[in-house]
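Worksheet: one structure, shown below.
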Amino acid sequence: MNSELENEPPTLKTLRESADLTQPQLSQRLGVGIRIIGDWESGRKMPRFDNAIALARELGASLKELARSMRMDVSSIADDGISLAQLKTLCRELNITEVNDLPDDWRQLKRPRPSYDKRQMTDEE
């Protein structure tokens with residue numbers, strides 16, 4: 001197989017087929033007409049954002065992967081996941097030196113967001 005083709009992102013149709021869905025099934029799940037699904041797959045139309053979210057959910061794809069399948073350039077958009085470099089930095093900050101030190105729930109690794117005192121902000125304005 002051509003290596004150039006292997007690097008091509010999946011199309012919306014291949015994402016749908018990978019999810020074992022037909023156009024009628026997907027249209028029913030999303031509450032849109034079958035013709036709309038065909039228009040999205042052919043590139044004649046783009047889904048509204050709310051439909052794109054529902055579409056990504058039904059296809060088991062990220063929004064970025066969905067956008068790629070519609071031939072949109074998303075190369076400058078950050079990935080949804082955490083990079084290895086970010087994980088290493090976070091582990092250093094939290095003094096995690098071994099895999100066994102990692103919490104079972106990865107969401108516990110998030111840095112706390114700074115809290116701002118709203119009264120203090122309004123007093124200064």
Side-chain angles (χ1 to χ4, degrees):
M1 194 181 256
N2 187 344
S3 63
E4 212 172 281
L5 290 176
E6 290 174 7
N7 293 331
E8 284 289 313
T11 63
L12 184 54
K13 181 179 179 180
T14 58
L15 287 176
R16 176 181 52 76
E17 291 171 344
S18 295
D20 291 323
L21 292 170
T22 63
Q23 282 186 348
Q25 290 170 325
L26 186 57
S27 72
Q28 184 178 20
R29 287 183 179 196
L30 296 176
V32 299
I34 297 170
R35 188 173 181 179
I36 295 293
I37 302 295
D39 287 344
W40 293 343
E41 287 184 356
S42 68
R44 284 188 296 270
K45 293 187 178 179
M46 290 290 199
R48 289 187 332 230
F49 194 66
D50 59 332
N51 285 330
I53 291 170
L55 188 56
R57 185 180 306 117
E58 290 298 326
L59 299 178
S62 69
L63 285 172
K64 191 169 181 179
E65 184 178 15
L66 183 64
R68 269 194 215 104
S69 77
M70 296 178 186
R71 304 297 181 246
M72 296 175 75
D73 179 14
V74 291
S75 58
S76 62
I77 303 219
D79 288 328
D80 295 331
I82 187 169
S83 72
L84 183 57
Q86 291 169 319
L87 180 59
K88 285 180 178 180
T89 300
L90 195 52
C91 284
R92 268 194 307 275
E93 289 174 6
L94 298 172
N95 295 322
I96 296 173
T97 56
E98 295 188 18
V99 174
N100 293 336
D101 295 337
L102 288 169
D104 292 336
D105 185 353
W106 66 270
R107 287 170 288 200
Q108 293 176 1
L109 289 175
K110 290 186 177 178
R111 291 182 191 102
R113 294 185 186 264
S115 59
Y116 299 100
D117 186 351
K118 291 180 184 175
R119 291 173 300 191
Q120 190 178 34
M121 289 177 68
T122 54
D123 291 341
E124 294 175 3
E125 293 178 319

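All figures in this text were calculated on a predicted structure; none of them were measured in a lab.
- In plain terms, the two heavy atoms of Pro10 and Glu65 that are nearest each other are CG-OE2, 4.1 Å.
- Two residues are said to be in side-chain contact when any heavy atoms from C-beta on lie closer than 4.5 Å; Ile77 and Met72 fail this criterion.
- Environment of CE in Met46: crowded, with over 12 heavy atoms of neighbouring residues, nucleotides or ligands closer than 6.0 Å.
- Of the residues Leu12, Ile36, Leu21, Val32, the one that meets the side chain to side chain contact (heavy atoms under 4.5 Å, CB included) test with Leu26 is Leu21.
- Nearest heavy-atom pair across Ala52 and Leu63 is O-CD2, 3.7 Å.
- To the nearest 0.5 Å, atoms CD (Glu58) and CG (Leu15) are separated by 13.0 Å.
- Taking CG of Asn51 as the reference point, atom CH2 of Trp40 lies at 4.0 Å (rounded to 0.5 Å).
- Under the 4.5 Å side-chain criterion, counting only non-hydrogen atoms from C-beta, Arg71 is in contact with Thr11.
- Separation of atoms CZ (Arg68) and CG (Asp73) is listed at 10.0 Å; rounding is to 0.5 Å.
- Atom CD of Gln28 sits in a sparse spot, with 12 or fewer heavy atoms from other residues, nucleotides or ligands closer than 6.0 Å.
- The structure places CD1 of Ile53 at 11.0 Å from CZ of Arg48, a figure rounded to the nearest 0.5 Å.
- Rounded to the nearest 0.5 angstrom, Glu17 CD and Gln23 CD are separated by 9.0 Å.
- Rounded to the nearest 0.5 angstrom, Arg35 CZ and Arg44 CZ are separated by 7.5 Å.
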